[in-house]
Amino acid sequence: MAMRCGHRPVILLLVVFVVVVSSPFSTALGVNWGGASSQPLPAPKVVTGLLRPNGVVRVKLADADPAALASLVGSGIGVAVGIPNQMLRDLGASKKAAASWVHDNVTRYLSDRGPGARLGIEYVAVGDEPFLLSYGKEFEPYVVGAATNIRLALTAAKADRIKVIVPCSFDVIQTESNLPSKSHFRPDLNKTMTDLLSFLANYSSPFVIDVNPFSALQQNKNLSLDYLLFQKKSRPITDGNSSYNNFFDLSIDSLISSLSKVGFGEMEVVVGRIGWPTDGAVNATPSVAQTFNKALIDHLKTKSGTPLRPKRFPTETYLFSLLDEDRRSITAGNYERHWGIFTFDGQAKYNVDLGQGSKSLESAHNVEYLYPRWCVVNNNNDKDLSNVTAGASEACSNADCTALSPGSSCFGIGWPANVSYAFNSYYQQRDQSQESCDFGGLGLITTVDPSLGDCRFAIALRTSFSTSIHETLIATRMMILSAFVWLYLLSFS
Ligand SMILES: *[C@@H]1O[C@H](CO)[C@@H](O)[C@H](O)[C@H]1NC(C)=O
Ligand SMILES: *[C@@H]1O[C@H](CO)[C@@H](O)[C@H](O)[C@H]1NC(C)=O
Ligand SMILES: *[C@@H]1O[C@H](CO)[C@@H](O)[C@H](O)[C@H]1NC(C)=O
Ligand SMILES: *[C@@H]1O[C@H](CO)[C@@H](O)[C@H](O)[C@H]1NC(C)=O
Ligand SMILES: *[C@@H]1O[C@H](CO)[C@@H](O)[C@H](O)[C@H]1NC(C)=O
Ligand SMILES: *[C@@H]1O[C@H](CO)[C@@H](O)[C@H](O)[C@H]1NC(C)=O
Ligand SMILES: *[C@@H]1O[C@H](CO)[C@@H](O)[C@H](O)[C@H]1NC(C)=O
């Protein structure tokens, strides 16, 4: 008894020490983890094989994927849970719907299985760029209502510390000659933006903005690649007394200037998304992406802040993105499916410090693939290949051919290798089913890897809904059965 009492202060000290040392989410860098993939890397592998070994302390999820959330429980990683735009209307219309969303997708992960078992949800992100110009008024009327209802539901669920945010696309801001002083919120958003800012201020939530230097380059906004990549040799942009050496500071101050003009100049800012793609367009390569991300992270580490907010960078910055996602919409461009710092199967494309320090990025180990089999064009002389293009476009309309576009990794492979690429993409997306490599008799299954140079012919992952879970279930049933048989036999001995 005496011994126990004597140890108490020590234990208390230890507890305090642990809490301070692992001071959960002290780093300002996070990553986006989305699930728009035909071959999602299993969530436990993402958490234990990528996020943790690479020192990632924060993730932002596109939705409330139960597998991702379950894997993050107890990981010590801070989480932003997303609500897709399609749900905003219902959540805005009904407090009950919001309460049930919070109950199903938040509260159950916060249960009292001890503080170590809790999920570190920091934010609920209501919508995903709902004010994007190309959406028109599709989601705008429901955003603030949905955010308010989610806020009320979180408070009722005693989850006050979780902040409600609304990630905004950069086109909520209009600017002239790229100058922060001439930036302001889009006039058509006026009432909605006024309500949103008042809501965010009422609950001390940050304004979340997505910054997209690559699309600025695509849209030819008179900004040089060097300027977007933080290169010292690029010419600064001068705005009054301020001089901007890079696109990041320029973008942040355009937002701060816009906020100031409507009376919210002190609002915290978070960058919800920023990154550089590695394929699907000119200047989208692993090497340029590495230059961008490395320069961005180094810049953030200086803690210099921006001209309008010296020594004060956005509270957090979420890189876009962790993994490639082949189901992302390519309306903006083929590069949309190649934002990953890692390939779809968790292999690092380049090196950058996500929190692991000077070590190289660790790729996912023991990834389970289907068989080493590919689908290619049957190139026998007796085949009439004149019709093979129809097969390719059929494959491409379902699968992912973005790496074949000009400037991409498979652009130069020629014909009919490019058709084989299309066939294979479709075949792998269909979990290598035999009939998916038919193409009117023009497809051929091969065990020889057709990859050429940088052009990788991928093999599908053995995902949860294919064989592995099924096999595990069968194995478990067999074990239980044999245990019963043993017990039965033993009862006679
Ligand atoms: C979250 O909760 C809602 C409401 O109960 C439910 O319809 C939805 O499927 C849940 N999961 C996700 C991923 O949003
Ligand atoms: C909306 O318009 C009013 C009146 O012109 C203005 O005072 C206010 O700042 C505007 N709000 C935003 C967010 O632009
Ligand atoms: C913010 O708080 C003020 C004062 O309590 C209130 O009048 C206003 O409606 C709130 N705004 C929102 C959007 O909740
Ligand atoms: C483009 O940038 C150059 C150099 O910064 C500047 O002189 C020129 O006026 C700009 N053009 C436009 C259309 O903004
Ligand atoms: C620029 O700096 C000068 C001197 O510090 C100051 O008087 C002036 O108001 C500033 N101008 C702007 C646009 O901030
Ligand atoms: C060519 O493809 C079309 C569409 O898939 C198909 O209807 C047609 O029969 C094919 N022609 C030949 C000669 O294979
Ligand atoms: C393959 O290359 C040929 C010749 O360059 C081209 O006509 C065809 O459209 C390409 N097909 C695909 C699927 O990229």
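Numbering of ligands and ligand atoms starts at 1, following listing order.
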Under 4.0 Å to a heavy atom of Asp104 - the qualifying atoms of ligand 1, by number: 2 (O), 4 (C), 5 (O)
Element-labelled atoms of ligand 1 that are located less than 4.0 Å from some non-hydrogen atom of Ser100: 4 (C), 5 (O)
First-shell residues of ligand 3 [heavy atom, distance under 4.0 Å]: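 Its neighbours under 4.0 Å (heavy atoms only) are Asp195, Ser198, Phe199, Asn202, given by chain and number.
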Under a 3.5 Å cutoff, is there a donor and acceptor pairing between the side chains of [X] and [Y]?
X: Ser405; Y: Asn334; result: yes
X: Gln428; Y: Asn424; result: yes
X: Asp90; Y: Tyr142; result: no
X: Ser425; Y: Asp400; result: no

Contact (N/O only, under 3.5 Å) between Asp63 and ligand 1: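 No, Asp63 has no N/O under 3.5 Å of an N/O on ligand 1.
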Asp65, any N or O under 3.5 Å of ligand 1 N or O: no
Whether Leu404 lies under 4.0 Å from ligand 7, heavy atom: yes
Cation over ring face, Arg337 and Phe344, 6.0 Å, 45°: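 Pair Arg337/Phe344 does not count as cation-pi.
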Distance under 6.0 Å and angle within 45° of ring axis: Arg151 vs Tyr203: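 Arg151 over Tyr203 ring: yes.
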Test: Arg161 and Glu122 ion pair at under 4.0 Å: no
Distance-only criterion, 3.5 Å: show the donor-acceptor pairs between side-chain atoms of residues 263-278 and protein atoms not counting sequence neighbours.
{"residue": "Glu266", "atom": "OE1", "partner": "Arg312", "partner atom": "NH1", "Å": "3.2"}
{"residue": "Glu268", "atom": "OE1", "partner": "Thr315", "partner atom": "OG1", "Å": "2.7"}
{"residue": "Glu268", "atom": "OE2", "partner": "Arg312", "partner atom": "NH2", "Å": "3.4"}
{"residue": "Arg273", "atom": "NH2", "partner": "Asp128", "partner atom": "OD1", "Å": "3.1"}
{"residue": "Arg273", "atom": "NH2", "partner": "Asp128", "partner atom": "OD2", "Å": "3.2"}
{"residue": "Trp276", "atom": "NE1", "partner": "Asn283", "partner atom": "O", "Å": "2.9"}
{"residue": "Thr278", "atom": "OG1", "partner": "His338", "partner atom": "O", "Å": "3.4"}
{"residue": "Thr278", "atom": "OG1", "partner": "Lys349", "partner atom": "NZ", "Å": "2.8"}

Polar contact flag for Trp415 and ligand 7 (N/O pairs, less than 3.5 Å): no
Pairwise side-chain contact, Leu51 with Asn54, heavy-atom cut-off 4.5 Å (strictly under): no
